[in-house]
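Below: the structure, in structure tokens.
Computed from a predicted structure; not experimentally measured. So that the names make sense, note that chain A is the first sequence line, chain B the second, and so on, each numbered from 1.
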Amino acid sequence: MGADSPAPALLAASWLIAKKDLAIELRTRSAFLSVVVFTLLGLAIFFFAWDPTAVSAMDLAPGVLWMTFSFAGLLGLHRSFGVELEDRAMDALLIAPVDREAIYLGKAIANTIFVAAVLVIAVPAVALFYNLPLTRTIPALGGIALLAAIGLVAVGTLFSAMAVNTRMAELLLPMLSLPFFVPIVLASAQASTRLLAGRPFAEALSWIKILIAFDIVFAVACTVAFPHTLEE
Amino acid sequence: MPDTSAYYHAAYVLAGVLYGGYVLSLWWRARRWRK
Amino acid sequence: MTTVQAPAPTPVAAPGATRPIFDWLLVLAVLGVIGAGIRIVLFTPFEAKQGAAQKIYYIHVPAALSTYFALTVAACMSIVYRWLHDERADRLAESAGEVALLFATVVLTTGPIWGKPIWGAWWTWDARLTLTLFLWFVTAAYLVLRGAVDDHAMRARYSAVLAILATLLIPFIHLSVYLFRTLHPMPIVLKPERPSLPAEMLTTFLLSVGAFAFFAAALMRARYRLALLREQAEAA
């Protein structure tokens, strides 16, 4: 029995890779700003597509957030592996003495932090644009958004790694990812509309459970699957 | 009994077109690859 | 490391040496489908409440079952490929995927044509319809992914990963959409207790299921041979 179980080494390596990605992002901040602006634009444009007499803001707003969030997430994710294309940085990562799962986990952690940072701006923005009660909205939407982000990032990071090596990466990434986003968007929207409307928490709970189950299943599945996308 | 035969015919014709179209596409692709 | 022998020349198949794409099996399968069709059209009574449109059931549900059949083949072959690295498994997965997309398209087009006179709506976002729609999307994504990767090994790896993840996705879509109210009629035949179709219609239905499943298998085989042909053409 070795002195170190494999798990701490894996997490340490993942965190190292995550820090690298975040450091790159912090230095330029361009992707972050683009995604934030895209999200805010999306929230604003959806407003004009909506007839306020037909649907109440409280019913519409969560859905708008999740839609915009999905597409903004895809944009951010596309760049996640795109960044490695420069100077064949990916080869260096593969030669490095880290488990391949750590490459995936590191990127996923960095992407989750990135998405969480975007949400810090987007969730209050939704509340403001759609005139929702702040004290109720922000914790409810924020909490669900975080859970949704984990699932979104888990799947999107894996597909981004695959898509980056193909001919139509920008089209392929949404095409692969969006079917997987459906349970996330559905469960998030259902849970958040109930919470925003002040319904008892138990009603939203089954949807939140689906969200958590999805996160666990796909975080594990994608971590296990990632090495299989690389050459032997 | 309501007269829903238009739907009945439409569905069968459409299914036939789809299946037939696929078989045709197999033939056409085989021709292309045999050259 | 020095090698003295030259590698043995790979035998190049003469053009037309592959097995024919359209052979007796496919003809037999097509005849089976036509036979089922004749039984449906001429020898099965109309249903009282739904009228002629009810007969769409005999092609819609068998197409759905064949879709699941083809998708199962595709998913299993993807796993087999990851395990055994046999190119034949990958080729079969591709063939099954394409056939699955065909049958799913039939399901999604005949379904609304049936739904409109029966429920008054072309489409509802209930559990089963939505799941079938997303099966269509995922299968289409699978085929597009394959088309976007030229390298054989990478293509097979990526396809296998997508196939397995998609299999994990199905229960989630089903579960989450099922929590919505559903309008789709309860299954008439595939219930644990006795089916509620009268005997004549049940026989027609079962014959149709068999005919379409056989047709799906024959199409998969034909498509597999096409894939072989294409590989040979590309190698030449």
Are [X] and [Y] close enough that some pair of their side-chain heavy atoms sits under 4.5 Å apart?
{"X": "Arg34(B)", "Y": "Ile21(C)", "result": "yes"}
{"X": "His9(B)", "Y": "Lys55(C)", "result": "no"}
{"X": "Leu102(C)", "Y": "Tyr19(B)", "result": "yes"}
{"X": "Trp114(C)", "Y": "Tyr8(B)", "result": "no"}

Let me confirm one number: the CZ-CG distance from Phe103(C) to Leu18(B), rounded to the nearest 0.5 Å.
10.5 Å
Roughly how far apart are Arg32(B) CZ and Leu229(C) CG, rounded to 0.5 Å?
11.0 Å
Which pair of heavy atoms, one from Ile59(C) and one from Ala11(B), lies closest together, and at what distance?
CD1-O, 4.1 Å
If you take all heavy atoms of Thr110(C) and Ala15(B), which pair is closest and at what distance?
CG2-CB, 4.4 Å
Region of [X] that comes under 4.5 Å of a non-hydrogen atom in chain B:
{"X": "Ile56(C)", "answer": "both"}
{"X": "Leu226(C)", "answer": "side chain"}
{"X": "Val30(C)", "answer": "neither"}
{"X": "Val41(C)", "answer": "both"}

Modelled atom types, side-chain donor and acceptor of Tyr22(B) and Glu98(C), under 3.5 Å:
yes
With chain B, the option among Pro117(C), Ala233(C), Gly37(C) that has the most non-hydrogen atom pairs under 4.5 Å is Pro117(C)
Check step by step if side-chain contact (heavy atoms from CB on, under 4.5 Å) holds for Trp33(B) and Gln232(C).
CA-CA 9 Å; Trp33(B) 294 115; Gln232(C) 283 177 351; over 6 Å; no
Does any heavy atom of chain C fall under 4.5 Å from the side chain of Leu14(B), the backbone, both, or neither of them?
side chain
Per-residue contact mode, Val23(B) against chain C (heavy atom under 4.5 angstrom):
both
Output field: ring centroids Tyr58(C)/Tyr12(B) closer than 6.0 Å:
no
Test item: Tyr7(B) side-chain N/O and Ala52(C) main-chain N/O as donor-acceptor pair under 3.5 Å
no
